[in-house]
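Heads up, the thing below is written out as structure tokens.
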Amino acid sequence: MTAPKIAIVWRGDREARRNATPANNRFHRVFEELAAVGIDAEPAVYDEAFADELRAQLLQTDGVLVWVNPLQDGVKTREALDPLLREVAQRGPWVSAHPDIILKMGVKEVLHRTRHLGWGTDTHLYASKAEFQNAFPIRLHSGPRVLKQNRGNDGCGVWKIERLSGKGDRVRVLHALRGSAPEELPLATFMSRCEDYFGWGGCIIDQPFQPRLPDGMIRCYMAGDRVAGFGHQYVKALIEPPPEGPDSPAAQPGPRIYHGPDAAAFQALRAKMESEWVPQMMQALDIKRAALPVIWDADFLHGPRDAAGADTYVLCEINVSSCFAIPDEAPAAIAKLVLARCEEALAQA
């Protein structure tokens, strides 16, 4: 039997495409694990300038794994890539993550659509500028809020906003983008700044600020519907920078510490994800198990402790388009799931 053929897609220039091998890129462990289970995996570097070459390459494969951010360097998007991937998937090879699944899972709107699950909180969605202008100022009276543009990465378009006591309609805002400093300005001025988000992502998501943010963020890595590992990081985004400023060493986030799926500290979260929240999410978003991304992650902040003093968790983001870096255990989990997907596709052919 011929070995399944898989392409791994990431963004790069012409030289990167010409010189790419399974060993000379950040995905080399994924290539190694795929080879170990008998899968022939090849690099498929992408840029809009040679999209036709990529299309021809992908159509010669059995499946495609994609690691491309929704927004790169503040300029490049997936506007051309996503239709190409849809075309490829329609013509035979399976694609993970499929652009249609990204639109369901990998946008901030998922926080609103799944707010009724155990990972949810007081989440609102503004679908228009008028709705935003009418409703957000009222909700801001309840305490600090966090606004998120629907599509983005690296903290771009994520803001903490709080009213300034005794200063009328003035607010204090802090962008989650690294190196940002707090600003004080009129609420209307800030809201006008956010109006472009409706054109890019179609909506704005509004959640309460989580006071336990300094306790760190837990990233739960998933291979399909199974936990593949965890990462814990003391983030500094949306935390007031020290007097030395946002570029000082004290303002930088701590390293993300990776753990395998069996790490004792995260077993309660693992049980929730595998037995409750992921199945409920699949039902709420109408996603079948076979369509779940081969690798994705869910970012959690600590919510208020429950009556017994145990941690609760609040979902703040799902990453689907380009989930990397990953725990050491994740490449093997990816390879196992890719092999199963290829076998399922062959059985249906």
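Just so it is clear, the values below take in all heavy atoms, side chains as well, and ignore hydrogens, waters and symmetry mates.
- Remark: the backbone N or O of Val37 is not paired with any side-chain donor or acceptor of Lys336 at under 3.5 angstrom.
- Taking a 6.0 Å sphere around CZ of Arg26, one finds it holds more than 12 heavy atoms contributed by other residues, nucleotides or ligands.
- Remark: His112 pairs with no residue by the ring pair (Phe, Tyr, Trp, His ring centres under 6.0 Å) rule, at least two apart or across chains.
- Contact annotation: the side chain of Arg163 never approaches that of Ser165 to less than 4.5 Å [non-hydrogen atoms, C-beta and beyond].
- Heavy atoms only, all atoms of each residue included: Trp94 and Ala345 are closest at CD1-CB, 4.2 Å.
- Partners of His175 by ring pair (Phe, Tyr, Trp, His ring centres under 6.0 Å), not counting sequence neighbours, listed by chain and number: Trp159.
- Both Val66 and Leu58 are assigned to one and the same hydrophobic cluster, defined by single-linkage of ILVMFWY side chains at heavy-atom distances under 4.5 Å.
- Distance OG1/Thr21 to CZ/Phe31: 8.0 Å, rounded to 0.5 Å.
- Cation-pi geometry between Lys160 and Phe209 is met: the NZ or CZ atom falls under 6.0 Å from the ring centre, inside 45° of the normal.
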Stepwise side-chain contact (heavy atoms from CB on, under 4.5 Å) check, Leu147 with Phe190:
CA-CA 11 Å; Leu147 291 181; Phe190 169 73; 3.8 Å; yes
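- Leu238 CG to Ile161 CD1: the interatomic distance, rounded to the nearest 0.5 Å, is 8.5 Å.
- Ser192 contributes a side-chain N or O that, together with a main-chain N or O of Ala188, makes up a donor-acceptor pair within less than 3.5 Å.
- Side chains of Asn19 and Asn24: no donor on one and acceptor on the other come within 3.5 Å.
- Residues Glu42 and Thr61 form a side-chain contact, since some pair of their non-hydrogen atoms from C-beta on lies under 4.5 Å apart.
- Checked by atom type and distance alone, the side chain of Lys104 pairs as donor or acceptor with a backbone atom of Asp286 at under 3.5 Å.
- When atom types are taken as modelled, the side chain of Glu274 and the backbone of Val227 share a donor-acceptor pair closer than 3.5 angstrom.
- Judged by distance alone, with hydrogens and angles left aside, the side-chain atoms of Gln252 form a donor-acceptor pair with the main-chain N or O of Pro246 at under 3.5 Å.
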Show every donor-acceptor pair shorter than 3.5 Å between a side-chain atom in residues 83-90 and any protein atom, with sequence neighbours excluded, or say none if there are none.
residue : atom : partner : partner atom : Å
Arg86   : NE   : Asp100  : OD1          : 2.8
Arg86   : NH2  : Asp100  : OD1          : 3.1
Glu87   : OE1  : Arg55   : NE           : 3.0
Glu87   : OE2  : Arg91   : NH1          : 3.0

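- Arg193 has its side chain within reach of Leu185: a pair of non-hydrogen atoms, C-beta onward, lies under 4.5 Å apart.
- Contact between Ala250 and Lys236 at its shortest, heavy atoms only, is O-NZ, 2.7 Å.
- With sequence neighbours left out, Arg18 forms a salt bridge (Lys or Arg N to Asp or Glu O under 4.0 Å) with no residue at all.
- Arg341 contributes a side-chain N or O that, together with a main-chain N or O of Ala290, makes up a donor-acceptor pair within less than 3.5 Å.
- Relative orientation of the Phe132 and Tyr126 rings is tilted, given thresholds of 30° and 60° on the angle between their planes.
- Evaluation of the salt bridge (Lys or Arg N to Asp or Glu O under 4.0 Å) rule for Asp328 yields no partner, not counting sequence neighbours.
- If you chain together hydrophobic residues whose side chains sit under 4.5 Å apart, Val64 and Ile8 never meet in one group.
- Residues satisfying the salt bridge (Lys or Arg N to Asp or Glu O under 4.0 Å) criterion with Arg139, sequence neighbours excluded, are absent altogether.
- Going from atom CD1 of Ile295 over to atom CG of Asn319 covers 11.0 Å, rounded to the nearest 0.5 Å.
- Residues His116 and Ala284 approach most closely at CE1-CB, 4.1 Å, considering heavy atoms.
- Tracing side-chain contacts under 4.5 Å through hydrophobic residues (I, L, V, M, F, W, Y), one never reaches Val294 starting from Val68; they form parts of separate clusters.
- Annotation: side chain of Pro261 is not in contact with side chain of Tyr221 (no heavy-atom distance under 4.5 Å).
- Residue His302 forms a ring-ring contact (aromatic ring centres under 6.0 Å, His included) with just one option from Tyr234, Trp119, Tyr313, and that option is Tyr313.
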Is there a salt bridge (charged side-chain N to carboxylate O under 4.0 Å, His left out) between Glu53 and Arg14 once you walk through the steps?
CA-CA 11 Å; Glu53 293 179 28; Arg14 171 65 70 179; 2.9 Å; yes
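- Considering only heavy atoms from C-beta on, Phe230 comes within 4.5 Å of Arg270 through its side chain.
- Shortest non-hydrogen contact noted between Glu131 and Ser128 is N-OG, 3.1 Å.
- Remark: side-chain polar atoms of Arg113 are not paired, donor with acceptor, to backbone N or O of Leu285 under 3.5 angstrom.
- For Glu79, the CD atom counts as loosely surrounded, since its 6.0 Å shell holds 12 or fewer non-hydrogen atoms of other residues, nucleotides or ligands.
- Enclosure of atom CD in Gln283 is not indicated, since only 12 or fewer non-hydrogen atoms of other residues, nucleotides or ligands lie within 6.0 angstrom.
- Using a 4.5 Å heavy-atom threshold, the side chains of His232 and Phe266 count as touching.
- The backbone N or O of Cys156 sits nowhere less than 3.5 Å from a side-chain atom of Asp154 that would complete a donor-acceptor pair.
- Linking Ile, Leu, Val, Met, Phe, Trp and Tyr residues whenever their side-chain heavy atoms come within less than 4.5 Å places Ile205 and Phe300 in a single cluster.
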Begin from the C-alpha positions of Met222 and Leu292 and carry the test side-chain contact (heavy atoms from CB on, under 4.5 Å) through to its verdict.
CA-CA 9 Å; Met222 305 293 298; Leu292 284 170; over 6 Å; no
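- Using a 4.5 Å heavy-atom cutoff, the side chains of Leu103 and Arg151 are in contact.
- Counting only distance, with no hydrogens or angles, the side chain of Gln57 and the backbone of Pro43 share a donor-acceptor pair below 3.5 Å.
- Checked against Leu187 for a side-chain contact (heavy atoms from CB on, under 4.5 Å), the options Val173, Val171, Leu164 give a single hit: Val171.
- Using a cutoff of 4.0 Å between basic side-chain nitrogens and carboxylate oxygens, Glu109 and Lys148 are not scored as salt-bridged.
- The hydrophobic cluster containing Leu174 does not contain Val235, counting ILVMFWY residues as joined when their side-chain heavy atoms lie under 4.5 angstrom apart, directly or transitively.
- Residues Pro4 and Gly38 share a closest heavy-atom pair of CD-O, 3.6 Å.
- To the nearest 0.5 Å, atom CZ of residue Arg78 and atom CD of residue Glu48 are 11.0 Å apart.
- Nearest heavy-atom pair across Asn69 and Ser322 is OD1-CB, 3.2 Å.
- The existence of a salt bridge linking Lys5 and Asp62 is excluded, since no basic side-chain nitrogen approaches an acidic carboxylate oxygen closer than 4.0 Å.
- Without hydrogens or angle criteria, Thr312 side chain to Asp306 main chain gives no donor-acceptor distance under 3.5 Å.
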CA sep, side-chain torsions, deciding dist, call: Met281, Met105, side-chain contact (heavy atoms from CB on, under 4.5 Å):
CA-CA 9 Å; Met281 178 199 73; Met105 288 179 60; 3.9 Å; yes
Step by step, work out the side-chain contact (heavy atoms from CB on, under 4.5 Å) result for Glu33 and Val338.
CA-CA 10 Å; Glu33 294 293 344; Val338 167; over 6 Å; no
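- For the pair Thr121 and Pro208, the minimum side-chain heavy-atom distance is below 4.5 Å.
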